[in-house]
Trainee: 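The structure's right below; bear with me while I get my questions together.
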Amino acid sequence: MPPVTRAKKRDEYYRDRRRRKVCSFCADKTDQIDYKEVNRLRRYLSERAKIEPRRKTGTCAQHQRQLSVALKRARIVALLPYAPQHLRP
């Protein structure tokens with residue numbers, strides 16, 4: 001077995017470390033998330049109409065809580081779908 005070089009070890013170490021995503025609401029300095037901004041909220045739904053987790057979207061904890069409330073309110077008022085069958089392609 002050939003010896004492992006330093007460069008290869010370094011590449012293996014940094015392969016798993018990814019850059020932290022920045023909360024888009026913090027970047028825009030948004031205080032409240034409005035449930036009527038359907039186009040913005042739709043980005044945080046999966047193709048199965050589920051709310052995306054923080055690790056995937058990069059939102060901070062405070063804004064993720066506000067986001068889930070806003071998404072649920074938009075669903076209640078029928079601005080967003082509950083089920084994937086109601087999504088438009």
Trainee: State plainly whether one hydrophobic cluster holds both Leu71 and Val38, where clusters connect Ile, Leu, Val, Met, Phe, Trp and Tyr through side-chain heavy atoms under 4.5 angstrom apart.
Mentor: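 Cluster IDs for Leu71 and Val38 match.
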Trainee: Apply side chain to side chain contact (heavy atoms under 4.5 Å, CB included) to Asp28 and list each qualifying residue two or more places apart in sequence or on a separate chain.
Mentor: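 Per chain and number, Asp28 pairs via side chain to side chain contact (heavy atoms under 4.5 Å, CB included) with Thr30, Arg40.
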Trainee: Return the set of residues passing side chain to side chain contact (heavy atoms under 4.5 Å, CB included) with Val69 (not counting sequence neighbours), or none when no residue passes.
Mentor: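 Val69 satisfies side chain to side chain contact (heavy atoms under 4.5 Å, CB included) with Arg73 only.
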Trainee: On a heavy-atom basis, which atom in Leu67 and which in Phe25 lie closest, and how many Å separate them?
Mentor: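 Nearest pair, atom of Leu67 first, then Phe25: CD1-CZ, 4.0 Å.
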Trainee: What is the minimum heavy-atom distance between Ala49 and Pro84, and which atoms define it?
Mentor: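 Smallest heavy-atom distance, with atoms named: CB-N, 4.0 Å.
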Trainee: Give me the atom names and distance for the closest heavy-atom approach of Leu79 to Tyr35.
Mentor: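 Minimum heavy-atom contact is CD1-O, 3.9 Å.
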Trainee: Output a table of donor-acceptor pairs, distance under 3.5 Å, between side-chain atoms of residues 50-61 and any protein atom two or more places apart or on a different chain; print 'none' if there are none.
Mentor:
| residue | atom | partner | partner atom | Å |
| --- | --- | --- | --- | --- |
| Arg54 | NE | Thr59 | O | 3.1 |
| Thr57 | OG1 | Pro53 | O | 3.2 |
| Thr57 | OG1 | Thr59 | OG1 | 3.3 |
| Thr59 | OG1 | Gln64 | OE1 | 2.6 |

Trainee: Got a second to check how far Gln66's CD is from Asp31's CG, nearest 0.5 Å?
Mentor: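 Reported value, rounded in 0.5 Å steps: 8.5 Å.
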Trainee: Looking at every heavy atom in both Arg65 and Ser68, which two are closest together, and how far apart are they?
Mentor: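 Heavy-atom minimum between the residues: O-OG, 2.8 Å.
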Trainee: Could you measure the distance from the NE2 atom of His63 to the OG atom of Ser24? Nearest 0.5 Å is fine.
Mentor: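 It comes to 8.5 Å.
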